[in-house]
Number of protein chains: 2
Amino acid sequence: MNTNFDIENFILDFSNSCQKKQKKIFSKNEVVTTYIKNRNQLCILLDGNADLVRYDLNGNRTIVEHFSKNALFGEVFYTITTNNELLVEAKSNCTVLFYSYDDIFHKCRNNCKFHQTLSENLPQLILNKVTDLNMRIELLTKRSTRDKLLGYFSLLSTRKLSTSFELPFSLTDLADYLSVDRSAMMRELKLLKEDGFIEKIGNRITLLYK
Amino acid sequence: MNTNFDIENFILDFSNSCQKKQKKIFSKNEVVTTYIKNRNQLCILLDGNADLVRYDLNGNRTIVEHFSKNALFGEVFYTITTNNELLVEAKSNCTVLFYSYDDIFHKCRNNCKFHQTLSENLPQLILNKVTDLNMRIELLTKRSTRDKLLGYFSLLSTRKLSTSFELPFSLTDLADYLSVDRSAMMRELKLLKEDGFIEKIGNRITLLYK
DNA sequence: TATTTTCCGTTGCAAAAGCAACACATTATG
DNA sequence: CATAATGTGTTGCTTTTGCAACGGAAAATA
C-alpha cells in the first residue's frame, strides 16, 4: 500500500502518544486478530507478514489481503456485513500494534499527535485501500486461471519495475488468493511455462512476453 | 450505498454552492463518463441507473459497480492503476452532477458549504465504498456459479429485508456482474429452481431455503 | 540429525463452465 | 403499428476447472 505521508513517523507517534494501545508479538501461524462486527480496531504490522483470511461454509479458504511491514488493517478498513469468519493469520513472526476506537473518525479527548495525524490522513489511507480492493476485483473478474495468473504477475512486475520478481506467497497460498484450485493452478503454471509466457525458478517468476 | 449523513441536503449544497460543477442529462446507453488517470472527478447520480463497466482485451464485459439514485462515483473512488477502459454507462435516462478536483482533500478557496460537508463526510463515504468493494470481493471469490448466485441473492434479500426481491439487473447484466458466462448462469438458475432453492417469476426472485 | 509436517508437482477422472447457435419473447424505435 | 434490437431460455459440444490422490522435495521441529 502506498501512502502519501510519512508512515514511519506516524507509527512513532502512535507508539509514543495515545494510551489505548497494545503491542503484541506473534509467532508464525498464530491468529493475530479476528474481525468482529461493530468494533473499530486499527492495527499496524510493525514487522513480518500476515494474511487476512476467510473460510467459507464449504471449507474453502480465501486469502482476502496480504499484509507486509507497515500495513494497516483491522475493522476500520473492513466493514463487516456477513457472518463469514475473517481472521488475520501471521505468516511469519509478527509484531503488531493494536488500537481500538469507538468511532474512528472522532478525535480522542487528549487530542494527541497520533490522532491528529490519523484524522488528517485516514481518508487517504482508506483511499489506498480502495485502490487495493479495486485491483483485487480486477483480478478476480478475470474468467480463467491463466488470465488471473498473468494479471497477477503483471501487477507484481509493475510494482517491482521489473519483469522478474519473487512471489510473496507460497503457491498454495497464491491459489487461495486467486480463488482457484491449487492443482489446476499448477497445471496452468506448467502450461504457461511450456507456452513460453513465463520462466519460473523456485519462487521467482520472469515474464517472457513483451 | 448507505450513508450516515443527509445526502439530499448534501446534493442541495452541491447544486447551489460550488461553481466548478456541471449538470448533465443522459439517455439510456449513453456513456456518462470515462475514468481517466490522474483526474479526480466526483459524480452524483441524481436520477436513473448506471453501471461502471470494464471491457478487457478478450472482449469480456464486466459490470464493476451498479449505481442507483444518489450514488457517488468517479475517479475519487477508483484510483486507476491499469490501462483497462472503465466507463459509466447509463442504464436508463440519467441526471448526473459532475465536479472536478485538483485534489479531492483540499478545500476550495471560497470555503463553500459543499466543501465543508464533503471534507467532513468524505472519509465515511469512502468507507462505504470499501464496504461495497469487500462485498463484491466476497461474491467473486466464491468458487461456483451456484454459490455466486446464492451469495448475491442472499445479499439482496438482506438489503430488502425480505426473501423476495427484484433483480436490479437484466440477467445478461447479472452474468457480467458475477463474471460468469450467461448461458451457464441460466443453466444454473434453472437447476436452482429445480432443486427448490429459489422461485423466479420474471425479474423477481424468492428464496425458498431457510 | 532424525522425523514430522508442509509444500510442490503431477495425474486420471468427474464436474462445472464456457462457447456457439438458435427460437422465442419482450422491449425500443422509426 | 411494423420492424429492429435486445433479452430470455435452451441445448450440444468442448474446454477448463475442481477433486482426490500420491510421491518426492523442502522446511520446520524435536
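Naming convention: chains lettered A, B, ... in sequence-line order (proteins, then strands); numbering from 1 in each chain.
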Student: Distance check: side-chain N/O of T145(B) vs OP1/OP2 of dA17(C), anything under 4.0 Å?
Tutor: yes

Student: Compute whether any side-chain donor of one residue and acceptor of the other, for T131(A) and T79(B), lie under 3.5 angstrom apart.
Tutor: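 T79(B) and T131(A) do have a side-chain donor-acceptor pair below 3.5 Å.
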
Student: Counting only distance, no hydrogens or angles, is the base of dG9(C) paired donor-acceptor with the side chain of R182(A) under 3.5 Å?
Tutor: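 Yes.
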
Student: With a 4.0 Å cut-off on N to O distance, would you call E30(A) and K24(A) a salt bridge?
Tutor: no

Student: Please, which pairs that meet ring-ring contact (aromatic ring centres under 6.0 Å, His included) have at least one residue in residues 32-55 of chain A, sequence neighbours excluded?
Tutor: Y35(A)-Y78(A)

Student: Starting from P on dG18(C), measure out to CG on D147(A) and report it in whole angstrom.
Tutor: 12 Å

Student: State whether K190(A) places a side-chain N or O below 4.0 Å from either non-bridging phosphate oxygen (OP1 or OP2) of dT11(C).
Tutor: yes

Student: Can you tell whether the side chains of K91(B) and D173(B) come within less than 4.0 Å, N to carboxylate O?
Tutor: yes

Student: Answer whether the closest heavy-atom distance between the side chains of E65(B) and F73(B) falls below 4.5 Å.
Tutor: no

Student: Is there a donor on the side chain of S170(A) or the base of dC8(C) sitting less than 3.5 Å from an acceptor on the other?
Tutor: no

Student: What is the nucleic acid contact for K200(B), judged by heavy atoms within less than 4.0 Å: base, sugar-phosphate only, or nothing?
Tutor: sugar-phosphate

Student: For dT8(D), does OP1 or OP2 lie under 4.0 Å from any side-chain N or O of T172(B)?
Tutor: yes

Student: Looking for any heavy atom pair under 4.0 Å, which part of the strands does R187(B) touch: base, sugar-phosphate only, or nothing?
Tutor: base

Student: Would you say the side chain of F153(A) lies within less than 4.5 Å of the side chain of L167(A), judging by non-hydrogen atoms?
Tutor: yes

Student: Taking it one step at a time, do E138(A) and N134(A) satisfy side chain to side chain donor-acceptor pair (under 3.5 Å)?
Tutor: CA-CA 6 Å; E138(A) 194 169 323; N134(A) 281 321; over 6 Å; no

Student: Both atom distances under 3.5 Å, Watson-Crick or G-U wobble: I'd like the secondary structure of DNA chain D as a dot-bracket string, with | for pairs made across strands.
Tutor: ||||||||||||||||||||||||||||||

Student: Without decimals, in angstroms, what is the distance between K148(A) NZ and dG18(C) C1'?
Tutor: 14 Å

Student: Between R143(A) (CZ) and dG18(C) (P), how many Å, whole number?
Tutor: 7 Å

Student: Measure the distance from CD on E30(A) to P on dA28(D) and round it to the nearest whole Å.
Tutor: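 Checked: the CD to P distance equals 16 Å.
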
Student: Record whether the side chain of S183(B) comes under 3.5 Å of the base of dA17(C) through a donor-acceptor pair of N or O atoms.
Tutor: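 Flag unset: no donor-acceptor pair detected.
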
